[in-house]
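Right, one structure below, let's go through it.
All chains are named by letter (A, B, ...) in the order of the sequence lines, taking the proteins before the strands, and each is independently numbered beginning at 1.
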There are 2 protein chains.
Amino acid sequence: MELRHLRYFVAVAELQNIHRAAAKLHVSQPPLSRQIRDLEDEVGVALFEHKANSLRLTEAGRAFLPEARAALQRVDDAVQMARIVGTGQGGEIHVGYAPSLAAELLPRALKYFDESSPGVRVRLHDLSTQAHLLQ
Amino acid sequence: MELRHLRYFVAVAELQNIHRAAAKLHVSQPPLSRQIRDLEDEVGVALFEHKANSLRLTEAGRAFLPEARAALQRVDDAVQMARIVGTGQGGEIHVGYAPSLAAELLPRALKYFDESSPGVRVRLHDLSTQAHLLQ
DNA sequence: TAATATTACGTATTACGTAAAGATT
DNA sequence: AATCTTTACGTAATACGTAATATTA
């Protein structure tokens, strides 16, 4: 299993529609359909009820969806963590954050950052009230 | 970025050695070296100090490691969740769990499971005292 | 018949392995 | 010199797109 499978699954699950999910992901339907099937084969349970003309989440699929989202978020968090720690070399940095980061990731990131770059000023900006600025 | 990159990174970071990590992952060194470099390119910061003859985690790499592990664990949790919900159709099931699952995943899994399979008996087994049974 | 999912198949990307080179202790 | 990482390059796996088929509303 690769992140591609999770990304594809989330898109299809959210739209309940391979056609539109494919457009959103900028791929064509057949490979997307195939990747979803491969994912189901690997997980071992059906995530969708596959009908000839439509597609709906199964109970297992509904349970899988938030977990898959969380896993993808975790990956993004990991990358952000590395970037925050790796690029802080001096001066001042501005860190915009969303609530999901603030809860758990940010404190640890700041801890690492402060240890590796004790002289760097950190200014935090809560972007949760400016969600329209995020794509 | 794909899960492969995270799996490879964790192995290399743990062993601080591409040669042995490659053996553990059953791949050869050159592709492994390349995948690590691709990961660093995508993250945008160096995760290792690459010397001609050795390799050591950078500060960013040290910060990235536990996050990458957590992300991989999240993926495994997602799959387990789907399997638990998807295969519970009746009778009785035995669920062995490790502490990491018990904290957050298990209660939600049981909630989903109970909603979808109200007649199924669930027996829990704490395997944390039998760690030698896990590979 | 219009809209959707899947199957069939050829193509293109890319991860891989082998061989060789470079570098450090 | 021995060990380890990296570069070069051909191969193989596989994700992708196009075209065609199947199914339902």
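Of the side-chain N and O atoms in A:Arg34, none sit less than 4.0 angstrom from OP1 or OP2 of C:dT6. Taking 4.0 angstrom as the limit, B:His50 places none of its side-chain polar atoms (N or O) nearer than this to OP1 or OP2 of D:dT5. When the side-chain nitrogen and oxygen atoms of B:Arg4 are compared with OP1 and OP2 of C:dT14, none of them lie within a distance under 4.0 Å. The shortest distance between the side-chain N/O atoms of B:Gln29 and the OP1/OP2 oxygens of D:dT6 is not below 4.0 Å. Residue B:Asn17 places at least one side-chain N or O closer than 4.0 Å to OP1 or OP2 of D:dT5. Taking side-chain N and O atoms only, A:Ser33 has a distance below 4.0 Å to OP1 or OP2 of C:dT6.
Separating the CE atom in B:Met1 from the CZ atom in A:Arg4 is a distance of 14.0 Å, to the nearest 0.5 Å.
The listed nucleotides are D:dT6, D:dA25, C:dA23; the one nearest the side chain of B:Ala52 is C:dA23. When the nucleotides D:dA15, D:dT7, C:dC16 are ranked by their closest atom to the side chain of A:Asp38, D:dA15 comes out on top.
A 4.5 Å side-chain heavy-atom check between B:Phe48 and B:Val12 finds at least one atom pair inside the cut-off.
Within 6.0 Å of atom CZ in A:Arg34, 12 or fewer heavy atoms from other residues, nucleotides or ligands are found, so the atom counts as exposed in its surroundings.
Ionic pairing of A:Glu14 and A:Arg20 is not present here: no N-O contact between side-chain nitrogen and carboxylate oxygen is shorter than 4.0 angstrom.
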